[in-house]
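Notes follow once the structure below has been shown.
In this text the structure is predicted, and so the values were computed from the model without any measurement. These values consider heavy atoms only, across backbone and side chains, with no hydrogens, waters or symmetry-generated copies. So that the names make sense, note that chain A is the first sequence line, chain B the second, and so on, each numbered from 1.
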Amino acid sequence: MYRDTYVGNLDAEAAGTTVTIAGWAARIRDQGGVAFVDLRDASGLVQVVIAPDEVPELVDVARSLKREYCLKIIGDVRARPPGTENLDLPTGAVEVAARTVEVLSTAQPLPFQLDDSIETDEQVRLQYRYLDLRRDRMSRNLKARSRAVAAIHNNLDAAGFMEVETPTLIKSTPEGARDVLVPSRHRQGHFYALPQSPQLFKQLLMVAGVDRYYQIARCYRDEDFRADRQIEFTQLDLEGSFWGQDEVLATIESVVSDAVAAVRGEGLSLPLSQMTYAEAIDRFGSDKPDLRFGMEIADLSDVFAASEFNAFASVVEGGGVVRAINIGESESSRSHLDGIIERAKELGAKGLVWMVVEQDGTIRSPVAKFLESGEMDAIRQALSGELGDVLLLVADEHRRASHVLGQLRLDHGRPDGHDDLSFLWVTDFPVFEVADDGGLAPAHHPFTAPRSVEELRDSPETAVAKAYDLVVNGVELGSGSVRIHDPAVQQEVFDILGIAPEEAHQRFGWFLEALRYGTPPHAGFAFGIDRLVSVLQNEPNIREVMPFPKTQTGFDPLTSSPSPVTEDQLAELGIELRPDAEESLEAHPAG
RNA sequence: GGGGGCGUGGUGAAGCCAGGAGUUCACGCCGGCCUGUCAAGCCGGAGGUCGCGGGUUCAAAUCCCGUCGUCCCCGCCA
């Protein structure tokens, strides 16, 4: 028997018992005589005492121990001598006096330290992820994730949902993100795609009468990596028949609240607040506003419409707007403010005007000479400007000005280092977004139901979809929609989206066919488990809550994947590498 | 596709702007001392082609060019 208890269970009540415990030597403090070993297992840490005057035969083994040796120890739990208790340790009231110490496995010196005293380069952590995961932080993240997922399963199972698996080798329907492709051996030149989501399959399950479906599904999108994006990630995917938006939101709220409670100990106050897409853009310059702080966007178009400052006045005259935020008391050196202007340009603004509120209520700014005192007053009032506040103004079309200010708002207002959770539904998304070339691009997948087909046909640029996002602390957790269940409507939507009938038939014909067999009205949602857990754990990126993530270029330093394959493997698939791929092989020698 | 930060013994940092012997600090590692420590302490020691390649220079960790890796951001992510 390797153990009869976890070390985390050892408290004052366990004193007087004899236990068998097993784990790793997290730290060793050899006093020359008595030695202390902090033994860590999956439950926590306990101090083991090896005392030569009590058990002389343990002297040699005590001397031989190194960090991260894997040990089995039989010993007596006893209260620590008065004055030596460790209040920082949950098990700090007791210690285990060793009778026997068995080395189950030795360990080489570690490539990095497992305590949190030094922040190790992430590539090294990933290369030795199995050691990194022993660290308290990562161990806690894994546990939190497990608890959240368990809560989700419990909630949906109790609510009558059926867990159904869908294929991970599916038909490629190039749209949206790039597909991850898998070559077929039986049909050379043909490829499977890994699913970007189980979207169409879960809709087929609705046609199939499953009624309430869910799945914790792995999804794959081959786009550039970010702190909150990996090539593969995990979503809770769900769908229900004879359902509408209100029921979906209520279900998701209940699920998320249970997941939050499982990790944080306390659920959410329901229902969550809601805001339309239009309001979110207007007030916060984002479709995923972070409501943990204010700093709302104010509109100054009226002030500048008649002002002497022609650059702004002409923008307003041309149908644009002048919008602004107050980032509060901030460094107002020229170089710092120039940096903000650069950032604004990076975000797509033509320029940015800063203003600093002075002692006498006047405004210091490169454009101050164009402003009358009444105009300065109006600006200060609109932005509640106090002494020392820095105001940032952008003139552009409404959408772009809002977007730029929304980002600057995050740059300067986003809090860090506290535990607040600010959940928000964003509803009434538009069917189309205005692309950079001025054209319309679908904002969602083409199976999203419009609020009305007539509206979509008559004024597509303002048409609203029955689509909704869940946002927490400025992170888009997930999105969902009411789906189209009428094949005629689906056909028409394809048409309005600019997908020709032949094209629609070729890509989605199998799906359109399915809709013709008595499809129930249905709706659903999907949200990112990685993102949710990373927010709940206050982690800055989702890699910290994924056991084996990849680097920004999709590389896994632990296994050195992706890697070249043999000529034979390629030949079986009918694949030959192009010259530029051969060059890439030389540039990235196999690890 | 683009912008920025970083790459220095096993780990983390300083040194780089302003070129002058691989210099420094913390942790770890190895050896010694130490019988109540808990990020133990004290003494001693080992360990580095300054990511790689090229250039400038009498001289390059330091300046320049390229390249690889990594992180953040813009674009992209129906």
Side-chain angles (χ1 to χ4, degrees), chain A residues 26-38 45-54 59 62 66-68 80-89 91-92 95 97 108-128 131 173-179 196-197 199-200 219-231 233 339 342-349 403-404 407 410-411 429 431-433 436 441-448 465 467 476 479 481 497 499 507 528 540-541 543 550-553 555 557 584 586-589 591:
Chain A
R27 234 172 256 117
I28 299 156
R29 295 177 294 279
D30 184 351
Q31 305 293 309
V34 64
F36 301 94
V37 177
D38 287 342
L45 199 78
V46 75
Q47 172 167 287
V48 174
V49 188
I50 303 175
D53 53 358
E54 296 171 31
V59 169
K66 307 284 181 197
R67 284 176 190 232
E68 295 305 309
R80 291 196 187 190
T84 67
E85 302 89 350
N86 185 345
L87 298 176
D88 297 329
L89 212 57
T91 63
E95 59 191 13
Q108 296 181 19
L110 302 170
F112 56 91
Q113 284 151 255
L114 301 191
D115 60 44
D116 290 329
S117 59
I118 289 176
E119 183 114 357
T120 305
D121 182 77
E122 193 169 339
Q123 196 175 11
V124 178
R125 292 174 52 203
L126 292 184
Q127 185 182 346
Y128 298 94
L131 296 179
T173 55
E175 172 139 17
R178 266 182 222 99
D179 280 333
Q196 295 181 24
S197 77
Q199 181 62 36
L200 293 179
C219 304
Y220 306 84
R221 293 177 195 174
D222 189 6
E223 295 296 338
D224 287 350
F225 288 60
R226 284 290 173 79
D228 61 354
R229 280 165 23 193
Q230 284 264 312
I231 189 169
F233 58 99
E342 281 311 302
R343 171 69 171 159
K345 286 179 177 169
E346 180 191 25
L347 293 167
H403 168 73
V404 170
Q407 279 294 334
L410 292 177
D411 288 352
F429 272 72
V431 177
F432 292 104
E433 282 169 352
D436 288 333
H444 299 87
H445 59 67
F447 317 105
T448 300
E476 180 194 326
S479 59
S481 62
L497 292 178
I499 301 175
R507 270 156 55 176
N541 66 66
R543 297 185 300 279
K550 292 168 180 52
T551 69
Q552 205 159 54
T553 56
F555 184 70
S584 166
E586 286 166 25
H588 306 272

Let me know the distance between [atom1] of [X] and [atom2] of [N], rounded to the nearest Å.
| X | N | atom1 | atom2 | answer |
| --- | --- | --- | --- | --- |
| A:Glu346 | B:G5 | CD | C1' | 13 Å |
| A:Lys345 | B:G75 | NZ | P | 18 Å |
| A:Phe555 | B:C68 | CZ | C1' | 12 Å |
| A:Asp116 | B:G12 | CG | P | 14 Å |
| A:Phe225 | B:C73 | CZ | C1' | 16 Å |
| A:Gln123 | B:C68 | CD | P | 15 Å |

Across the strands shown, which category fits [X] at heavy-atom distances under 4.0 angstrom: base, sugar-phosphate, nothing?
| X | answer |
| --- | --- |
| A:Ala35 | nothing |
| A:Arg543 | sugar-phosphate |
| A:Glu95 | base |
| A:Thr553 | sugar-phosphate |
| A:Ser197 | base |
| A:Pro81 | base |
| A:Glu85 | base |
| A:Ala51 | nothing |
| A:Asp30 | base |

Looking at [options], which one has an atom nearest to any side-chain atom of [X]?
| X | options | answer |
| --- | --- | --- |
| A:Val49 | B:C29, B:C73, B:G36 | B:G36 |
| A:Thr120 | B:G36, B:U11, B:C73 | B:U11 |
| A:Gln113 | B:A78, B:C29, B:G10 | B:G10 |
| A:Arg229 | B:G31, B:C77, B:A78 | B:C77 |
| A:Gln31 | B:A78, B:U35, B:G12 | B:U35 |
| A:Ala227 | B:G69, B:A40, B:C72 | B:C72 |

Carboxylate-amine/guanidinium contact A:Arg229 A:Glu223, below 4.0 Å: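 No, A:Arg229 and A:Glu223 are not salt-bridged.
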Min side-chain heavy-atom separation [X]-[Y] under 4.5 Å:
| X | Y | value |
| --- | --- | --- |
| A:Phe555 | A:Leu126 | no |
| A:Phe36 | A:Gln31 | yes |
| A:Asn86 | A:Arg80 | yes |
| A:Glu68 | A:Leu131 | no |
| A:Pro557 | A:Arg125 | no |

With distance as the sole criterion, do the side chain of [X] and the base of [N] form a donor-acceptor contact below 3.5 Å?
| X | N | result |
| --- | --- | --- |
| A:Asn86 | B:C38 | yes |
| A:Arg27 | B:C38 | no |
| A:Arg226 | B:G75 | yes |
| A:Arg67 | B:C29 | no |
| A:Gln47 | B:U37 | yes |
| A:Glu122 | B:G69 | no |
| A:Arg80 | B:C38 | yes |

Judged by nearest nucleotide, the residue sitting upstream toward the 5' end of RNA chain B, A:Pro111 or A:Thr84, is A:Pro111
Per nearest nucleotide of RNA chain B, the residue lying toward the 5' end, A:Asp224 or A:Gln552, is A:Gln552
Stacking check: are the rings of A:Phe36 and B:U37 less than 5.5 Å apart at their centres and under 30 degrees in tilt?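 So yes, this residue stacks on that base, both cut-offs being met.
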Between [X] and [N], is there a contact of a side-chain N or O with OP1 or OP2 at under 4.0 Å?
| X | N | value |
| --- | --- | --- |
| A:Arg29 | B:U37 | no |
| A:Arg125 | B:U70 | no |
| A:Ser117 | B:C27 | no |
| A:His444 | B:C77 | no |

For [N], give its Watson-Crick or G-U wobble partner with both distances under 3.5 Å, or none.
| N | result |
| --- | --- |
| B:C50 | none |
| B:G44 | B:C30 |
| B:C38 | none |
| B:G69 | B:C6 |
| B:A61 | none |

Please step through salt bridge (charged side-chain N to carboxylate O under 4.0 Å, His left out) for the pair A:Arg29 and A:Asp38, ending with a clear verdict. CA-CA 8 Å; A:Arg29 295 177 294 279; A:Asp38 287 342; 2.9 Å; yes
Test of understanding: with salt bridge (charged side-chain N to carboxylate O under 4.0 Å, His left out), list the residues that count as partners of A:Glu85, not counting sequence neighbours. none
